[in-house]
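Note sheet for the following structure.
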Amino acid sequence: MRNILTPMMMPHRLIMAALALAGLTAMALTMQWDWLPANLPRLWDGLLMTLAMLAGSVVVGFALALPLALFQVMGPAPLRWLSLGFCTVIRGTPLLLQLWLFYFGLGALFAQFPEIRDSWAWPYLRQAWPYGFLALTVSFAAYQGEVMRGAFTGVPHGELEAARAVGMSPWLVFRRVWFPRALHRALPTLAGEIILQLKSTPLVATITVTDLYAVITRIRQTTLLTYEPLLLLVAVYLCLSGILILALRWLENRVPTQR
Amino acid sequence: MFQSIDFSLLALDAPGWGGALLQGFWRSIQLAAGGYAMGIVIGILGASAKLYGGLVMRDLAQVYTTVIRAVPELVLMLLFYYVGTDLLNRAAQSMGFAGIEVDGLAAGILVIGLVQGGYATEVIRGAIRAVPHGQIEAAQAFGMSPLKVMRRVTLPAMTPHAIPGMANLWMIATKDTALLAVIGFSELTQVTRQAASSTRAYFLFFLSAGALYLMLTLVSNVILRRYEVRARRGLIAAHQAR
């Protein structure tokens with residue numbers, strides 16, 4: 001505890017903290033916050049949507065990133081080019097453009113087929129969130145695929161050879177040595193990628209998914225306030241990023257770093 | 001079911017949207033380049049504040065980079081856009097002008113530059129720390145002023161270390177310009193959406209815009225890699241000698 005507290009007790013930091021506190025109090029007192037209590041449930045729903053988008057796209061995207069990376073490292077030539085091309089195209093174009101392509105393009109295309117309109121999937125495909133989820137997942141898979149490719153190639157060759165010399169099957173080598181070692185190498189970057197993904201989630205608001213950003217936009221339109229909702233949004237994202245960073249650092253420290 | 005794709009929609013002249021797309025593309029490049037240049041300037045200032053500044057400057061720079069890297073770009077852009085135009089308008093009114101119309105391009109560059117600056121600060125700080133300290137001390141021993149040391153030694157020596165990170169930032173800058181479409185700037189993504197929704201040829205326009213962005217990325221990749229080889233020319237020899 002003292003290690004955390006001592007750097008905060010330096011005089012200039014105390015003064016800066018006091019100034020920041022004064023600024024926050026001034027904001028709380030002089031700005032208009034009466035819209036907050038009535039909108040809390042909606043804000044909570046928006047926050048849950050943001051977190052669901054983040055968690056879902058990270059988990060599914062990571063699962064997709066593994067084959068993308070493996071194909072690039074050891075796949076046959078056509079698969080290698082395909083996954084390399086996929087990663088290049090997704091990483092070379094803006095996420096917003098991909099999102100709009102999926103939502104407007106695929107949405108309009110699906111509506112043309114009666115087979116799809118009559119199928120069980122149509123009630124979902126008519127909503128916006130599957131397209132937002134798809135775009136976020138594809139984007140995360142491409143960026144994370146690139147990271148995992150580097151991590152897979154970075155595992156020292158001797159370790160894999162040793163595993164093979166012990167008589168492990170290729171699958172066992174992958175499960176016991178190659179994948180854990182690669183994941184360990186990728187963990188620090190994974191934390192950064194997840195923060196980046198959190199910061200991409202508000203884009204889904206542009207296709208009418210009601211995440212936190214969309215709720216704030218709605219509040220801004222109804223109350224005609226410019227700054228207050230935006231400042232709240234900044235504060236919430238700051239907290240989310242902070243919590244994520246702490247959680248991922250905790251996870252990283254749990255993995256033994258001894259070689 | 002599939003109508004054949006009507007490529008005449010991409011024609012350069014009025015009924016086609018090709019000209020409008022290219023104009024939007026040019027505007028995107030201007031926004032990205034301007035924001036990137038501003039980001040580099042902020043980055044150098046921020047890195048100097050973090051490395052050489054006093055206690056207060058150091059902490060302020062830390063707060064700036066932390067906030068920039070923790071809050072979504074879209075939210076930052078909205079905030080900077082409203083705060084920036086509001087402040088400008090108030091300043092103009094207090095000086096006696098009746099509310100000025102803020103130039104869209106300048107506002108966009110400002111917004112992207114402020115975001116880029118946060119990341120550039122970290123990249124440049126790391127690159128400056130990679131420069132052997134003896135080189136900077138030698139320059140100081142010659143009696144150069146701090147500015148001259150910066151201009152003649154620190155900046156050129158840190159360039160090769162900064163290039164990989166800065167190249168990454170340029171890619172981010174080109175893609176971040178698309179976010180300005182949400183605020184209503186008529187750059188490539190916004191124009192594409194207008195074209196697509198008025199002709200209902202969604203795939204054609206979104207894919208063409210994607211091709212333009214991809215082309216920009218790939219071409220700048222090649223150029224940046226060449227520049228990196230040039231900037232590292234002394235370092236590679238030193239590395240081989242070891």
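What you see below is based on every heavy atom in this structure, not just the backbone, and it leaves out hydrogens, waters and symmetry mates. Throughout, a chain's letter reflects where its sequence line sits, starting with A, and its residues are numbered from 1.
Ranked by heavy-atom pairs under 4.5 Å with chain B, the first of Ser200(A), Ala108(A), Gly92(A) is Gly92(A). With chain A as the partner, the residue from Asp176(B), Thr217(B), Val71(B) showing the most heavy-atom pairs under 4.5 Å is Val71(B). The candidate with the highest count of non-hydrogen atom pairs below 4.5 Å against chain B, out of Thr201(A), Thr88(A), Leu101(A), is Leu101(A). Put simply, of Glu73(B), Met215(B), Met171(B), the one with the most heavy-atom pairs under 4.5 Å next to chain A is Glu73(B). Looking only at heavy-atom pairs under 4.5 Å with chain A, the residue among Val75(B), Asp59(B), Thr189(B), Leu79(B) that has the most is Asp59(B).
In this structure, the side chains of Lys175(B) and Thr93(A) stay at 4.5 Å or more apart for every pair of heavy atoms. Using a 4.5 Å heavy-atom threshold, the side chains of Ser197(B) and Phe104(A) count as separate. Under the 4.5 Å side-chain criterion, counting only non-hydrogen atoms from C-beta, Trp100(A) is not in contact with Thr192(B). Residues Leu179(B) and Leu203(A) form a side-chain contact, since some pair of their non-hydrogen atoms from C-beta on lies under 4.5 Å apart. Side-chain contact between Tyr227(A) and Asp86(B) is present, with heavy atoms from C-beta onward closer than 4.5 Å.
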Worked check of side-chain contact (heavy atoms from CB on, under 4.5 Å) between Phe203(B) and Leu109(A): CA-CA 9 Å; Phe203(B) 278 104; Leu109(A) 185 72; 4.0 Å; yes

Trace of the side-chain contact (heavy atoms from CB on, under 4.5 Å) decision for Met16(A) with Leu60(B): CA-CA 9 Å; Met16(A) 282 170 75; Leu60(B) 283 180; 3.8 Å; yes

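The line from CG of Leu188(B) to CG of Leu97(A) is 7.0 Å long, rounded to the nearest 0.5 Å. Between the OG1 atom in Thr226(A) and the OH atom in Tyr81(B) there is a gap of 12.0 Å [rounded to 0.5 Å]. With rounding to the nearest 0.5 Å, the separation of CE in Met57(B) from NE2 in His12(A) is 12.0 Å. A distance of 9.5 Å separates CZ in Phe206(B) from CG in Leu99(A), rounded to the nearest 0.5 Å.
Residue Ala70(B) comes nearest to Ser241(A) through the heavy atom pair O-OG, 2.7 Å, listed as atom of the first residue, atom of the second, then distance.
Heavy-atom contacts from other residues, nucleotides or ligands closer than 6.0 Å to CZ of Arg13(A) number more than 12. Other residues, nucleotides and ligands place no more than 12 heavy atoms under 6.0 Å from the CH2 atom of Trp81(A). The 12-atom threshold is not exceeded at CH2 of Trp44(A), counting heavy atoms of other residues, nucleotides or ligands nearer than 6.0 Å. Few gaps surround CD on Gln127(A); more than 12 heavy atoms of other groups in view lie less than 6.0 Å from it. Within 6.0 Å of the OH atom in Tyr64(B), the count of heavy atoms belonging to other residues, nucleotides or ligands exceeds 12.
The main-chain N or O of Arg69(B) is found under 3.5 Å from a side-chain atom of Lys199(A) such that the two form a donor-acceptor pair.
Interface residue Ile195(A): only side-chain heavy atoms are found under 4.5 Å from chain B. Using a 4.5 Å cut-off between heavy atoms, Val63(B) does not touch chain A at all.
For residues 207-221 of chain A, the interface with chain B (any heavy-atom pair closer than 4.5 Å) comprises Tyr213(A), Arg220(A), sorted by residue number.
Remark: Glu228(A) engages no residue in a side-chain hydrogen bond (donor to acceptor under 3.5 Å, both in side chains) (not counting sequence neighbours).
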